[in-house]
Amino acid sequence: MAESNPLREPLLDWYGTHARDLPWRRADATPWGVLVSEIMLQQTPVARVLPVWAQWLARWPAPRDLAAEPPGEAVRAWGRLGYPRRALNLHACARAITADHGGEVPADHDTLRALPGIGEYTAAAVASFAFGGRHAVLDTNVRRVLARAVRGEEYPPKATTAAERALATRLLPTVDASTWGVAVMELGALVCTARAPRCADCPIAALCRWRLAGRPPHDGPARKGQAYAGTDRQCRGRLLAVLRGSHDPVPKAALDAVWSDPVQRERALDGLVHDGLAEALTDGTYRLPLAVVSE
DNA sequence: CATTCGTGGCG
DNA sequence: TCGCCAAGAAT
């Protein structure tokens, strides 16, 4: 049976001429470089990842290089990328890869999926982009493109559905599936964006059900915006920034100074320690972790 | 399935 | 200005 995916050719043609030159996509990028990029790109824009990725790969060119460091160094080098537990996940990945996989990033999807911080998307992305595996790569970009082009709706469902997975799998080419995946992602990132889609520049506009229907707006309830100011997350961010800025243990007073509410501050600090992002020393000072927290 | 988890830029 | 959103995962 011949493949029935009319989106494929125009999309691949477009990708061939419009793809960004990102370092983790180049021919000399290693699987480790791809893995690091995918973790960093979780909920974080490309522009902010670029400089940190370059620093990480220069300092830790292979998993065993990072594995040799204490986890706190990964947290420090993470800088202000956000969601710093991803730095711990990457460090834990490096140690697991070194200890259990001979220092080489595994190519198998399920093996990748079992590593810390690697969920369905990231496992598929690394298996596909680093090793050329045939996997449906369902990120927020792909979900939005398929929702519009195929389902005719402005936005995909809040949580990924079985129908979305089935659709993405059905569209997957038998040959060079990884290029198809990255091309759909790129279209979602550059043209079929969440807020102001540039349909005039879209290579599949003529086939897009949403555009053909007159771009009907999303009808359901609005998305639940994420508050930040005054939250525990902001408090944790402030506290961790203090720890990142010092190579020596910092006195408790230095942490108290960055958040006024003592109840919330203690809760946030305990949370950081519990998550393995900070260590409390016996003299009452705190620092980035030298050891991995046990459960 | 709903929450939690950072940060910053842009429309 | 400020709400929305950015290559998600874990619980």
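Sequence lines set the chain letters: A, B, ... in the order given, protein chains first and strands last, and positions in each chain run from 1.
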TODO: State whether A:R59 and A:E69 are salt-bridged, where the test is any N-O pair (Lys NZ or Arg NE/NH1/NH2 against Asp/Glu carboxylate O) under 4.0 Å.
DONE: yes
TODO: In whole angstrom, give me the gap between the P atoms of C:dA9 and B:dG8.
DONE: 23 Å
TODO: Check whether any side-chain nitrogen or oxygen of A:R80 sits under 4.0 Å from OP1 or OP2 of B:dG8, and answer yes or no.
DONE: yes
Open item on the list: Looking at A:D261 and A:R265, is there a salt bridge between them, counting it only when a charged N and a carboxylate O are closer than 4.0 Å?
Closed with: no
- [ ] Could you check whether A:W24 gets within reach of a base, just the sugar-phosphate, or nothing at all, counting any heavy atom under 4.0 Å?
- [x] base
- [ ] Identify whether any heavy atom of A:A194 sits under 4.0 Å from a base atom; if not, whether one sits that close to sugar-phosphate; answer base, sugar-phosphate or nothing.
- [x] sugar-phosphate
Let me check something: any side-chain donor-acceptor pairs from residues 112-121 of chain A under 3.5 Å, sequence neighbours excluded? List them with distances.
from   : atom 1 : to     : atom 2 : distance (Å)
A:R113 : NH1    : A:I118 : O      : 3.2
A:E120 : OE2    : A:H109 : NE2    : 2.9
A:Y121 : OH     : A:E38  : OE1    : 2.7

- [ ] For residues A:L255 and A:L243, determine if any side-chain heavy atom of one lies less than 4.5 Å from a side-chain heavy atom of the other.
- [x] yes
- [ ] Using the P atom on both, measure C:dA7 against B:dT3 and round to a whole Å.
- [x] 23 Å
Open item on the list: Using a strict heavy-atom distance below 4.0 Å, which residues from residues 29-57 of chain A are in contact with DNA chain B?
Closed with: A:Q43, A:T44, A:R48
Open item on the list: Any carboxylate oxygen within less than 4.0 angstrom of a Lys/Arg side-chain nitrogen, looking at A:R143 and A:E164?
Closed with: yes
Open item on the list: Could you check whether A:R20 pairs with A:E186 (Lys NZ or Arg NE/NH1/NH2 to Asp/Glu carboxylate O, under 4.0 Å)?
Closed with: yes
Task: Candidates C:dA7, B:dT7, C:dC5 - which lies nearest the side chain of A:M185 - done: C:dA7
- [ ] Taking only the side-chain nitrogens and oxygens of A:Y228, find out if one of them lies under 4.0 Å from OP1 or OP2 of B:dT7.
- [x] yes
Task: 4.5 Å side-chain heavy-atom contact, A:P249 and A:Y286 - done: no
Open item on the list: From CD of A:Q226 over to P of B:dG9, roughly how many Å is that when rounded to an integer?
Closed with: 16 Å
Open item on the list: I need the CG-C1' distance between A:L277 and B:dG6, as an integer number of Å.
Closed with: 11 Å
TODO: With heavy atoms under 4.0 Å as the rule, sort A:L138 into base, sugar-phosphate or nothing.
DONE: nothing
Open item on the list: Within the 4.5 Å heavy-atom criterion, are A:P203 and A:D13 side-chain neighbours or not?
Closed with: no
Open item on the list: Would you say the rings of A:W56 and A:W78 are close, in the sense that their centroids are separated by under 6.0 Å?
Closed with: yes
TODO: Give the rounded distance in Å between these two atoms: CZ of A:R143 and C1' of C:dA6.
DONE: 14 Å
TODO: Look at the side chain of A:D65 and the backbone N and O of A:A62, then say whether any donor-acceptor pair between them is shorter than 3.5 Å.
DONE: yes
Task: Nearest-Å distance for atom pair CZ/P, residues A:R86 and C:dA10 - done: 13 Å
Task: Between C:dA6 (C1') and A:R20 (CZ): distance, integer Å - done: 11 Å
- [ ] Using whole Å, report how far CG of A:N89 lies from P of C:dA9.
- [x] 10 Å
Task: Nearest-angstrom distance, C1' atom, C:dA6 to B:dC1 - done: 23 Å
Open item on the list: Let me spell it out: for each of A:G188 and A:R195, pick the nucleotide of DNA chain C with the closest heavy atom. Which residue's pick is nearer the 5' end?
Closed with: A:R195
Open item on the list: Could you tell me how far apart A:L240 (CG) and B:dT4 (P) are, to the nearest whole angstrom?
Closed with: 20 Å
TODO: Starting from C1' on B:dT4, measure out to CD on A:Q264 and report it in whole angstrom.
DONE: 14 Å
- [ ] Enumerate the residues from residues 103-124 of chain A whose closest heavy atom to DNA chain C is under 4.0 Å, giving them by residue number; use none for an empty result.
- [x] A:R113, A:P116, A:G117, A:I118, A:G119, A:E120, A:Y121, A:T122
